[in-house]
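What follows is one structure encoded as structure tokens, with my remarks underneath.
Everything quoted here is computed from the prediction, not taken from an experiment.
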Amino acid sequence: AGFSIYWFDTASGGTPLETGTSFTPTAVGTYYVEVQEDASDCPSDRISAEVIELSEIIITNTGSNCSADLTSYSVNIEVTGGNGNYSVVVVSEGNVSTIGANNFTISDIPVDVSLVIEITDDLDCNADASFNAPDCDCPDIDAPTGLANQTICNGADFAAFNADDPGIGFTIHWFDA
């Protein structure tokens, strides 16, 4: 006796969507399959298979930081959605560090270069994103203080100019023009 395989979108009754050993669904949901004996049209019990669509993988920039020398920057990334167990597949520039299950830092990205990143989860679902480089220009720095003009007599020696100490990490440079 021969047998036929029928695919349905209902647990009982209904019209077959497809026949054969293979069926490609067109929407999320639960699908059912049964075997029928061709001579008697007697069916087996239907078994189900479900199509579940995961949420979109979202890549979020949670913060960017310029390096102390202002030649590179880093980006902190948080990933949500998908199936979890994320990994960075492609990064246009920089070095990747895993900070947690869904957090990454990409560092040493050259200034003025945007970051392009691709993330995949353990089901090979993927997403990509690009983030513009932050403004790593020099910050506003206060001008030196404590300078006073000098008035000297004709032919007298010049006296030194003095400026107040600007603090740790700063250097005062003197120019004649």
Just by distance, no angles: are the side chains of [X] and [Y] close enough, under 3.5 Å, to form a donor-acceptor pair?
| X | Y | answer |
| --- | --- | --- |
| S4 | D38 | yes |
| N83 | D122 | yes |
| S64 | N61 | yes |
| T62 | N76 | no |

Legend entry - Evaluation steps, side chain to side chain contact (heavy atoms under 4.5 Å, CB included), between V96 and V88: CA-CA 8 Å; V96 179; V88 176; 3.8 Å; yes
Can [Y] be reached from [X] by stepping across I, L, V, M, F, W or Y side chains whose heavy atoms are under 4.5 Å apart?
| X | Y | answer |
| --- | --- | --- |
| I5 | F3 | yes |
| L123 | V28 | no |
| F161 | I172 | yes |
| V91 | V111 | no |
| I141 | L70 | no |

Inset, instruction - List the atom of E18, the atom of S22, and the distance in Å for their closest heavy-atom pair. - result: CG-O, 4.1 Å
Is it true that a side-chain atom of [X] and a backbone atom of [Y] form a donor plus acceptor pair closer than 3.5 Å?
| X | Y | answer |
| --- | --- | --- |
| S67 | S72 | yes |
| W7 | T21 | no |
| Q150 | A160 | yes |
| S40 | C42 | yes |

Say you draw a straight line from [atom1] of [X] to [atom2] of [Y]; how long is it, rounded to the nearest 0.5 Å?
| X | Y | atom1 | atom2 | result |
| --- | --- | --- | --- | --- |
| I106 | S92 | CD1 | OG | 9.0 Å |
| I58 | N102 | CD1 | CG | 13.0 Å |
| T105 | N95 | OG1 | CG | 11.5 Å |

Inset, instruction - Run the numbers on F158 and I152 for side chain to side chain contact (heavy atoms under 4.5 Å, CB included), then give the verdict. - result: CA-CA 7 Å; F158 292 97; I152 62 171; 3.4 Å; yes
Legend entry - Any side-chain heavy-atom pair of Y73 and L115 under 4.5 Å: yes
Inset, instruction - Compute the ring centroids of F8 and Y31, then answer whether they are less than 6.0 Å apart. - result: no
Inset, instruction - Apply the test side chain to side chain contact (heavy atoms under 4.5 Å, CB included) to residues L17 and F23: give CA-CA distance (whole Å), side-chain angles for both, the deciding distance (0.1 Å), then the verdict. - result: CA-CA 9 Å; L17 301 170; F23 167 67; 3.9 Å; yes
